[in-house]
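Here is the structure we will look at.
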Amino acid sequence: MELILFYIAAAVALFATVFALTRSNAAHALIYLIVSLLAVAVIFFLLGAPFAAALEILVYAGAIMVLFVFVIMMLNLGEEGQERERQRMHPAVWVVPALLSTILLVEMVVLLTKFDGPQTGALITAKQVGMSLYGPYVLAVEIASMLLLAGLVGAYHVGRRFRSNDSDEQSIAKPTPESREVNN
Amino acid sequence: MEGLIIPLNHVLIVAALLFATGLAGLMFRRNVIFILMSLEVMLNSAGLAFVAAGAAWAQADGQVIFMLILAVAAAEVSVGLGLVLQVQKRFKTLDMDHAQKLNG
């Protein structure tokens with residue numbers, strides 16, 4: 001009976017993901033993606049992983065999606081971009097990729113239905129996760145911190161070049177008084 | 001609350017479905033923002049598989065790996081979105097078909 005909750009959450013996650021990846025408007029797709037992530041958080045909760053569910057909402061649906069929203073707002077994609085996306089959505093474009101990934105999916109599902117696996121149902125608290133994270137996995141935490149630092153530096157570098165290019169072009173477009181004198 | 005008794009197979013099938021959806025999206029979308037979204041979906045489905053396996057064996061390791069996947073996704077998306085801004089600036093479009101040559 002309670003299993004129905006799981007199947008409902010799984011169906012919501014799947015449909016929201018399919019809708020998210022087939023929209024032509026990026027902002028609408030983002031809302032569907034957030035719904036999908038929330039549904040996956042519900043599945044985590046049902047699996048007995050409340051800490052992972054909280055992290056899914058905080059980090060994925062919160063922080064990462066906000067990054068997407070900011071970038072979509074900065075780019076200010078107009079109607080013509082949406083129109084081009086709509087034209088690219090005709091069947092000839094998506095039939096072959098969909099077929100290939102469906103083949104892989106069927107293989108995976110056949111394998112998974114053959115193996116008679118265990119059942120979930122154990123509750124794993126945040127305390128257990130923390131003990132494991134700062135016990136045997138402390139090296140992985142250090143590596144993750146280095147990865148995040150590299151991501152921070154990389155994002156800053158790419159963003160900085162973005163801004164300095166911008167100012168270069170402005171200085172070319174509107175010559176400064178000194179360069180105008182030189183030109184004259 | 002205690003976790004529900006869910007067969008591990010079913011959770012893994014849901015993770016496989018999400019992964020296949022993300023893979024198809026990665027292949028047929030040409031807009032770089034949608035490509036990044038597909039990558040997020042694929043990473044998320046991998047995290048779902050890890051958490052489900054951790055719940056099945058009553059070990060915390062699954063959630064630890066999920067947190068590491070979260071860190072990877074955050075780093076990847078921050079650099080990726082920075083590159084999106086560069087692509088938009090340089091090519092005036094987000095279509096990846098216009099950004100195929102390495103030299104820009």
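Each chain gets a letter, A, B and so on, in the order the sequences are listed, and its residues count up from 1.
Put simply, the side chain of Tyr7(A) does not reach to within 4.5 Å of the side chain of Val14(B), judged on heavy atoms. Annotation: side chain of Leu105(A) is not in contact with side chain of Leu23(B) (no heavy-atom distance under 4.5 Å). Counting heavy atoms from C-beta outward, Asn44(B) and Glu56(A) have side chains that approach closer than 4.5 Å. Between Phe44(A) and Gln63(B), the closest side-chain pair of non-hydrogen atoms is not below 4.5 Å. Counting heavy atoms from C-beta outward, Leu85(B) and Leu75(A) have side chains that approach closer than 4.5 Å.
In this structure, Ala144(A) and Ala71(B) approach most closely via the heavy-atom pair CB-CB, 4.3 Å. Scanning both residues, Ala20(A) and Phe34(B), for their nearest heavy atoms gives O-CE2, 3.6 Å.
In terms of heavy-atom pairs under 4.5 Å with chain B, the best-connected choice from Leu147(A), Val109(A), Leu14(A) is Leu14(A). When each of Val72(B), Leu83(B), Leu48(B), Leu36(B) is scored by its heavy-atom pairs under 4.5 Å with chain A, the top score falls to Leu48(B).
Heavy atoms closer than 4.5 Å to chain A are found in both the backbone and the side chain of Glu40(B). Contact annotation for Leu68(B): only side-chain heavy atoms (C-beta onward) come within less than 4.5 Å of a heavy atom of chain A. In this structure, no portion of Leu26(B) lies under 4.5 Å from any heavy atom of chain A. When heavy atoms are compared at a cutoff of 4.5 Å, Leu30(A) approaches chain B by way of both its backbone and its side chain. Looking at Ile35(B), there are no atoms closer than 4.5 Å to chain A (heavy atoms on both sides), in backbone or side chain. If you measure heavy-atom distances from Leu67(A) to chain B, the contacts under 4.5 Å come from both the backbone and the side chain. With a 4.5 Å cut-off on non-hydrogen atoms, Leu104(A) touches chain B through its side chain but not through its backbone. Of the two parts of Phe68(A), the backbone and the side chain both hold a non-hydrogen atom closer than 4.5 Å to a non-hydrogen atom of chain B. Both the backbone and the side chain of Val129(A) come within contact range of chain B, judged by heavy atoms closer than 4.5 Å.
Around CZ of Phe50(B), the count of heavy atoms belonging to other residues, nucleotides or ligands within 6.0 Å does not exceed 12.
Here the options are Ile33(B), Leu81(B), Val84(B), the test is side chain to side chain contact (heavy atoms under 4.5 Å, CB included), and the partner is Ile72(A); only Ile33(B) passes.
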